[in-house]
Amino acid sequence: MSATPLAPIAPPLHLQFEDNRLLPLLFGQHDQNLARIEQELGVSMVSRGNQLAISGDAETVALAKQVVTSLYQRLKRGLDVDRGEIDAALRLVRAEDGLEPNLFDGAKDGTAIRTARRHITPRSAMQAKYMRMLHEKEMVFGLGPAGTGKTYLAVAVAVAMLTKGAVDRIILSRPAVEAGERLGFLPGDMREKVDPYLRPLYDALNDMLPADQVMKRMTSGEIEVAPLAFMRGRTLAHSFVILDEAQNTTPMQMKMFLTRLGEGSRMAVTGDLSQIDLPTGTKSGLKDALEAIEHIDAIGIARFNEVDVVRHPLVARIVGAYDSRDRQQGKDPGGREPSSRSGK
């Protein structure tokens, strides 16, 4: 029986850092950041003064060096390093397309966004691709499970473009599926009727801009948050328009929305085809649109999966478990049986 060849063992790699003041932030309290990298990559790290020794097989030592170096460069730029950033660095160096160190801080490809309240950078390879699309293309679809940053990043790019004067206003919209878009049956004035369905969009805005700026811009019309039904009959020029939860549109609603695109405008359409809340037998407008226009080169399509989930690590495992079960049971992405798939 032939023995399985062992991975090549490299001599310990020694890194030396210029700024000792950043090392407590880099290593973490009680070296917890280093412990996280050790756990994920299977390497050993020993810090001594301003030096760090990394031991393990040649491939993982190289990955660990990339992670540590990129985190250190992030600190030098005045940005934070926390558990999320460490996981982002690990996620990116493992990407199949071989991303460079420091890409995840957005410094090399221009995807970093600085708003009044946040410095926003991609936390996965697909997020980096998506952010480039949002900057470069007039219409972009962001598809995938919750927690992948589809809507959040679209709002971030929209706010950045608004503050730079690249667009005159931001329009954020969602279909009010739970109310059947018969909003007149709900209590309160129109804003009270629709706010519960639009709250995630308000939350994203408030994460980018101070509350007083959000209110001022909404009062002036620079930022508009409205249900999808309010888009009918309009031509949206010089605007950044975002449609969230697009899987819950009908084909007619989606066609209506996409044809609102006007001169000097951008559109981002986000949705999760595994969470369709439409009545059984109603085809998702998002699914229908992808079938119709996916071949158009000028349209960007970013497809996220559980690997791109940037919330609690358990969320990614939950998403993966649901997807795995549905594949085994022969269900479509919405969890519906093949015989009852909408639009069939």
Side-chain angles (χ1 to χ4, degrees), residues 106 109-123 126-144 146-175 194-195 197-228 230-231 234-246 249 254 257-272 286 298-302 304 310:
D109 67 349
T111 55
I113 296 172
R114 189 181 294 276
T115 68
R117 297 191 62 185
R118 287 285 184 273
H119 188 99
I120 298 151
T121 57
R123 289 189 168 189
M126 185 53 68
Q127 281 196 355
K129 180 179 179 181
Y130 180 53
M131 292 178 76
R132 285 194 293 270
M133 287 182 184
L134 289 168
H135 281 98
E136 297 168 1
K137 294 183 178 289
E138 293 179 323
M139 184 177 291
V140 177
F141 285 76
L143 313 172
T148 51
K150 307 180 300 295
T151 303
Y152 188 86
L153 293 176
V155 173
V157 173
V159 168
M161 288 191 173
L162 178 65
T163 54
K164 291 177 181 177
V167 296
D168 294 337
R169 58 181 173 160
I170 298 172
I171 300 174
L172 308 174
S173 186
R174 297 180 92 187
V194 302
D195 268 5
Y197 309 103
L198 304 174
R199 177 51 51 189
L201 298 176
Y202 286 115
D203 291 343
L205 280 174
N206 286 315
D207 213 29
M208 313 291 172
L209 296 169
D212 60 335
Q213 282 196 35
V214 173
M215 291 304 300
K216 180 180 179 181
R217 291 179 184 271
M218 291 185 71
T219 301
S220 69
E222 289 181 90
I223 297 177
E224 178 183 348
V225 184
L228 178 59
F230 289 21
M231 298 296 107
R234 302 174 63 182
T235 298
L236 308 174
H238 305 291
S239 305
F240 198 114
V241 193
I242 299 172
L243 175 61
D244 189 30
E245 299 289 340
T249 62
M254 178 61 78
F257 177 80
L258 295 178
T259 54
R260 299 308 94 194
L261 183 67
E263 181 182 356
S265 287
R266 302 282 181 116
M267 272 191 177
V269 179
T270 66
D272 179 2
L286 177 59
I299 295 174
I301 300 177
F304 297 90
V310 295

Which heavy-atom pair separates Met133 from Ile301 by the least distance, and what is that distance?
-> CE-O, 3.4 Å

Minimum heavy-atom distance Gln127-Thr121, with the two atoms named = OE1-O, 4.3 Å

Counting distance only, does the side-chain N/O of Ser265 pair as donor-acceptor with the main-chain N or O of His238 below 3.5 Å?
-> yes

Does any non-hydrogen side-chain atom of Lys216 lie less than 4.5 Å from one of Gln213?
-> no

With a 4.0 Å cut-off, would you call Glu245 and Arg174 a salt bridge?
-> yes

Kindly say whether Leu228 contributes a backbone atom to a donor-acceptor pair with the side chain of Ser173 at under 3.5 angstrom?
-> yes

List the atom of Leu134, the atom of Ala154, and the distance in Å for their closest heavy-atom pair.
-> CD1-CA, 3.9 Å

pair Leu243-Pro175: side-chain heavy atoms closer than 4.5 Å = yes

Using a 4.5 Å cut-off on heavy atoms from C-beta on, say whether the side chain of Arg169 contacts that of Glu224.
-> yes

So, do Leu258 and Val269 sit near enough that their side-chain heavy atoms are less than 4.5 Å apart?
-> yes

For Leu286 and Asp272, which heavy atoms make the closest approach, and how far apart are they?
-> CD2-N, 4.5 Å

For Ala158 and Ile242 the tightest heavy-atom approach is CB-CD1, 4.1 Å

One should read off an interatomic distance between Met208 CE and Asp203 CG, to the nearest 0.5 angstrom, of 10.5 Å

Considering all heavy atoms of both residues, which atom of Met218 and which atom of Val225 are nearest to each other, and what is their separation?
-> CE-CG2, 4.1 Å

Would you mind reporting whether Tyr130 and Val140 have side-chain heavy atoms less than 4.5 Å apart?
-> yes

Do any N or O atoms from the side chain of Thr148 and from the backbone of Gly144 form a donor-acceptor pair under 3.5 angstrom?
-> no

